[in-house]
Novice: 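Structure incoming, see below.
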Protein chains: 2
Amino acid sequence: MSQRLTLQKTDVTAVSLLFNALSNEYRVGIVNLLRTGPKNVGEISDALKIEQTMASHNLKCLAFCGLVTSQRLGKTIEYTLNRETVEPILRLADKHISKYAANLRNCKTLER
Amino acid sequence: MSQRLTLQKTDVTAVSLLFNALSNEYRVGIVNLLRTGPKNVGEISDALKIEQTMASHNLKCLAFCGLVTSQRLGKTIEYTLNRETVEPILRLADKHISKYAANLRNCKTLER
DNA sequence: AGTTTATATGACAATTCCGTCATATTAAAC
DNA sequence: GTTTAATATGACGGAATTGTCATATAAACT
């Protein structure tokens, strides 16, 4: 009896929302910082020299997308990178940029 | 004699611009469509039921980021997916979404 | 050369996003 | 239980992005 497979199709909306989370310098900065290990909000905003509120807003977005997780430690909340997906994605991005999109480095906004 | 390696650091700006290209439904739709093979602009706008102008604008962005390449074939211009980077990235995204971000499917905009 | 077909470009209004401020929540310390 | 420290939330104006329209370019056909 032949088995009916649910063909896993790419969910275009979900994918665009996921990458939207990585389409902002603050969020990529946070994600990149968290590669060095878990940090709380204060440590993140200090390290990246951004306001606490800005860090919080962007962490919320990253958490909603499952790219980071959070855990309260007393008064502080520690954010941890979802390495399983973020590491390979960043490696692919780095490789792509150096091979195919070196010009991206010198452009602030994408003209269309 | 010890060799001086240029440590490849993630370029936060470039990475955010690259993922910005994949942060839009039209562009992810185009990229996903091109997995089935190269297509010209008319075929793309027909298949996705979007206006030609919309297709052109978004193809320009994808091309600038090196995610697609183009080639004129007579009157028509054919766009080809950069499979080398897009395939693994989409596979990672699909896997991440089903494992960590199922809720993304049911949300139009990222609240923050 | 003029017409048609395919695609790209530029501009503008409408929408969405971002940065910041004011305020709320939560836990620890006193 | 009041205060302090850490973080989150909501709101609002300014900035960036998007969708569409008008127009430009480029090749093929007559």
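Because only heavy atoms are used, hydrogens play no part in the values below, and waters and symmetry mates are left out as well, while side chains stay in. Letters A, B, ... mirror the listed sequences (proteins, then strands); counts begin at 1.
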Novice: Using a cut-off of less than 4.0 Å, is there contact between a side-chain N or O of Asn24(A) and OP1 or OP2 of dC18(C)?
Specialist: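 Yes, Asn24(A) has a side-chain N/O under 4.0 Å of OP1/OP2 on dC18(C).
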Novice: Let's see if you can work this out: which of dG19(D), dT18(D), dT7(C) has an atom nearest to the side-chain heavy atoms of Met54(B)?
Specialist: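 Nearest nucleotide to the side chain: dG19(D).
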Novice: Are Met54(A) and Val12(B) linked, directly or through other ILVMFWY residues, by side chains that come within less than 4.5 angstrom of each other?
Specialist: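 Both belong to a single hydrophobic cluster.
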Novice: Going by number, which of residues 29-40 of chain B have a non-hydrogen atom under 4.0 Å from DNA chain C?
Specialist: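 Going residue by residue through residues 29-40 of chain B, the ones with a heavy atom under 4.0 Å of DNA chain C turn out to be Asn40(B).
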Novice: Among the nucleotides dT18(D), dT9(C), dT7(D), which one has an atom lying closest to any side-chain atom of Thr76(A)?
Specialist: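 The listed nucleotide nearest to Thr76(A)'s side chain is dT7(D).
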Novice: Nearest whole angstrom, please: distance from the P of dC17(C) to the NZ of Lys60(A).
Specialist: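 Distance, rounded to whole Å: 14 Å.
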Novice: Determine: side-chain N/O of Tyr79(B) to OP1/OP2 of dA8(C), distance under 4.0 Å, yes or no.
Specialist: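 Yes, such a contact exists.
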Novice: I need a per-nucleotide contact map over nucleotides 24-30 of chain D, read 5' to 3'. Cutoff is protein heavy atoms under 4.0 Å; write B for the base, S for backbone only, - otherwise.
Specialist: --SSS--
Novice: In whole Å, what is the span from the CG atom of Asn20(A) to the C1' atom of dT15(C)?
Specialist: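 After rounding, the reported distance stands at 15 Å.
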Novice: Whole angstrom is fine here: how far is it from CD in Glu51(B) over to C1' in dA6(C)?
Specialist: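 Answer to the nearest Å: 15 Å.
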Novice: Where do Asn20(B) and Ser23(A) come nearest, in terms of heavy atoms and distance?
Specialist: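 Of all heavy-atom pairs spanning Asn20(B) and Ser23(A), the closest is CA-CB, 3.5 Å.
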Novice: Measure the distance from CD on Glu78(A) to P on dA27(C) and round it to the nearest whole Å.
Specialist: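 For the pair Glu78(A) CD and dA27(C) P, the rounded distance is 17 Å.
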Novice: Starting at CG of Leu59(B) and ending at P of dA6(C), how long is that distance when rounded to a whole Å?
Specialist: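 Those two atoms, CG and P, are 16 Å apart.
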Novice: Does some side-chain heavy atom of Asn24(A) sit less than 4.5 Å from a side-chain heavy atom of Val28(A)?
Specialist: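 The answer is no, as the side chains (C-beta and beyond) never meet within the 4.5 Å cut-off.
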Novice: To 10°, what angle do the rotation axes through the five end pairs on each side of the helix from dA1(C)-dT30(D) to dC30(C)-dG1(D) form?
Specialist: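 The value is 20°.
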Novice: Kindly give the heavy-atom pair with the smallest separation between Glu25(B) and Ser16(A), and that separation in Å.
Specialist: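 Result for this residue pair: CG-OG, 3.5 Å.
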Novice: Are Leu67(A) and Leu33(A) connected into the same hydrophobic cluster when the rule is that any two of I, L, V, M, F, W, Y join if their side-chain heavy atoms are below 4.5 Å apart?
Specialist: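 Yes, Leu33(A) and Leu67(A) fall within the same hydrophobic cluster.
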Novice: For His57(A) and Ile77(A), take the nucleotide of DNA chain D holding the closest heavy atom to each; which residue's nucleotide lies nearer the 5' end?
Specialist: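 Its nucleotide being nearer the 5' end, the pick is Ile77(A).
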Novice: Does any non-hydrogen side-chain atom of Glu78(A) lie less than 4.5 Å from one of Arg72(A)?
Specialist: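 In short, these two side chains do not touch, never coming nearer than 4.5 Å.
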Novice: Let me know the distance between CG of Leu62(A) and P of dT7(D), rounded to the nearest Å.
Specialist: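 Taking CG of Leu62(A) and P of dT7(D), I get 16 Å after rounding.
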Novice: May I ask whether Ile97(B) and Tyr100(B) are part of the same hydrophobic cluster, defined by side-chain heavy atoms of I, L, V, M, F, W, Y residues being less than 4.5 angstrom apart, directly or through others?
Specialist: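 Hydrophobic grouping puts Ile97(B) apart from Tyr100(B).
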Novice: Is the shortest side-chain N/O distance from Thr53(A) to OP1 or OP2 of dA8(D) below 4.0 Å?
Specialist: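 It does not, given that no N or O in the side chain of Thr53(A) lies less than 4.0 Å from OP1 or OP2 of dA8(D).
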Novice: Decide whether Thr10(A) and Arg91(B) meet the rule of one side-chain donor and one side-chain acceptor closer than 3.5 Å.
Specialist: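 No donor-acceptor contact under 3.5 Å links the two side chains.
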Novice: For Leu73(B), does its backbone N or O pair with a side-chain atom of Thr76(B) as donor and acceptor, under 3.5 Å?
Specialist: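 Checked: no pair found.
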Novice: For the side chain of Gln52(B) and the base of dA8(C), is some donor closer than 3.5 Å to an acceptor across the two?
Specialist: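 Result: at least one qualifying N/O pair found.
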Novice: Identify the heavy atoms of Ser70(A) and Tyr79(A) that sit nearest to each other, and give their distance.
Specialist: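 In terms of heavy atoms, the two residues are closest at CB-CE2, 3.5 Å.
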Novice: How many Å lie between CG on Asn58(B) and P on dT17(D), as a whole number?
Specialist: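 After rounding, the gap between these two atoms is 13 Å.
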Novice: Between P on dT20(C) and CD1 on Ile50(A), what's the gap in Å once rounded to a whole number?
Specialist: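 In whole Å, dT20(C) P and Ile50(A) CD1 are 10 Å from each other.
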Novice: Can you find a heavy atom in the side chain of His96(B) that is under 4.5 Å from one in the side chain of Glu84(A)?
Specialist: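 Heavy-atom side-chain distance check fails, nothing below 4.5 Å.
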Novice: Going by heavy atoms in the side chains, are Leu104(B) and Leu18(A) under 4.5 Å from each other?
Specialist: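 The answer is yes, as the side chains (C-beta and beyond) meet within the 4.5 Å cut-off.
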